[in-house]
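Below, chain A is the first sequence line, B the second, and so on; all start at residue 1. Quick caveat, the model's predicted, so the values are computed rather than measured.
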Amino acid sequence: MEQGAGVAERPEMPEAWPHTVADAEAEQERLRPFVDLADPGPETVRYVAGLDVAYEGQDEGDRLTAAVVVLDARTLDVVDQVVVRERARFPYVPGLFAFRELPPLLSALDRVRVTPELLVCDGYGLAHPRRFGLACHVGVLTGLPAIGVAKTAFVGRYEVPASERGAWAPIVERDEVVGRALRTRTGVKPVYVSQGHRIGLDNACRHVLRLTPEYRLPEPIRLADRLSRSGVPAA
DNA sequence: GCGACAG
DNA sequence: ATCTTGTCGC
């Protein structure tokens with residue numbers, strides 16, 4: 001997949017990858033205006049990609065394994081998968097982990113042969129201290145619609161949604177709806193969905209439910225997680 | 001000031 | 001993220 005295949009106005013890449021908290025936060029502030037939250041996004045897509053990264057510790061220099069799995073959105077069949085191993089260029093810092101996971105993820109996206117029309121990220125988008133989580137960041141840099149799906153709460157408050165699959169409750173912070181706690185499996189802890197880029201919250205949740213036929217996590221993320229841990233594409 | 005804190 | 005045994009339930 002070509003860096004920037006597809007669309008609109010995108011920012012210049014930073015001259016150097018940030019390596020301090022202050023620089024990283026400034027970069028988030030610089031890029032945040034490029035996020036498109038008004039675009040409702042595609043109703044249906046042909047190809048959807050799941051992104052995830054596995055690693056041993058929290059430090060800079062640790063070995064990271066990024067995985068991108070592209071699925072046929074209708075059948076959920078895997079049509080392409082890429083694994084990339086790189087050294088972390090940033091330590092794990094809550095609110096800044098895009099600076100840790102993004103480099104290998106972008107490398108992997110570069111090597112994907114089937115260009116996805118939607119990215120599903122492991123983490124948050126809008127539901128972020130500076131409204132610029134990983135899903136926003138990867139969306140802005142690639143120009144592709146992106147959704148954030150997280151496994152644990154980070155910012156904001158929410159009521160516990162009803163126990164049936166499909167039930168949800170808004171995640172609110174400072175009188176602002178930043179995402180949804182969405183039940184993907186009846187009787188199972190919800191996932192936390194937020195807009196990344198070029199997609200509406202309703203639509204994002206629709207896609208997440210459609211991509212979650214059996215497990216708590218959407219298939220694209222589940223498969224990317226499995227791939228990043230094994231480091232070897234399944235037979 | 002203190003704790004909490006996506007992965 | 002990763003470390004880790006058994007255990008409850010469909």
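The ring of A/His137 has its center closer than 6.0 angstrom to the ring center of A/Phe99.
Aromatic stacking is not marked for A/Tyr55 over B/dG7, as the cut-offs of 5.5 Å for the centres and 30° for the planes do not both hold.
Base contact: A/Leu96 has a heavy atom under 4.0 Å from a base atom. Within the 4.0 angstrom heavy-atom criterion, no nucleotide atom of any strand lies near A/Gly148. In this structure, A/Arg63 reaches neither bases nor backbone, as no heavy-atom distance under 4.0 Å exists between it and the strands shown. Backbone-only engagement by A/Ala153 is indicated by non-hydrogen atom pairs under 4.0 Å involving sugar-phosphate atoms exclusively.
Straight-line distance from the CG atom of A/Leu102 to the P atom of C/dA1: 17 Å, rounded to whole Å. Taking atom CZ of A/Phe90 as the reference point, atom C1' of B/dG7 lies 14 Å away to the nearest angstrom. Atom pair A/Leu64:CG and C/dA1:P shows a separation of 13 Å (rounding to whole Å applied). Rounded to whole Å, the distance from CZ on A/Arg180 to C1' on B/dA6 is 20 Å. In this structure, CG of A/Asp52 is placed 13 Å from C1' of C/dT2, rounded to the nearest angstrom. Atoms NE2 (A/His128) and C1' (B/dA4) sit 15 Å apart, rounded to a whole Å. Rounded to an integer number of Å, the gap from A/Arg226 CZ to C/dT2 C1' is 19 Å. Straight-line distance from the CD atom of A/Glu173 to the C1' atom of B/dC5: 12 Å, rounded to whole Å.
From A/Cys136, atom SG reaches atom NE2 of A/His128 across 8.5 Å, with rounding to the nearest 0.5 Å.
Listed nucleotides B/dG7, C/dT2, B/dC5 differ in distance to A/Phe154; the shortest reach to its side chain belongs to B/dC5. Here the side chain of A/Ala54 is nearest to one of C/dT2, B/dG7, B/dC5, namely C/dT2.
Put simply, A/Thr152 has a side-chain N or O that comes within less than 4.0 Å of OP1 or OP2 on B/dG7. Considering only side-chain N and O atoms, A/Lys151 lies nowhere under 4.0 angstrom from the phosphate OP1 or OP2 of B/dA6. In terms of phosphate contacts, A/Arg100 brings no side-chain nitrogen or oxygen within less than 4.0 Å of OP1 or OP2 of C/dA1.
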Practice task
May I have the step-by-step check of salt bridge (charged side-chain N to carboxylate O under 4.0 Å, His left out) for A/Arg100 and A/Asp62, ending in yes or no?
Solution key: CA-CA 10 Å; A/Arg100 180 175 181 73; A/Asp62 287 344; 3.5 Å; yes

Handout entry: salt bridge (charged side-chain N to carboxylate O under 4.0 Å, His left out) between A/Arg180 and A/Asp202, worked out
Key = CA-CA 9 Å; A/Arg180 275 180 199 170; A/Asp202 279 325; 2.6 Å; yes

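No donor-acceptor pair closer than 3.5 Å links the side chain of A/Arg63 to the backbone N or O of A/Glu56.
Donor-acceptor pairing under 3.5 Å, judged by distance alone, is present between the side chain of A/Gln58 and the base of C/dA1.
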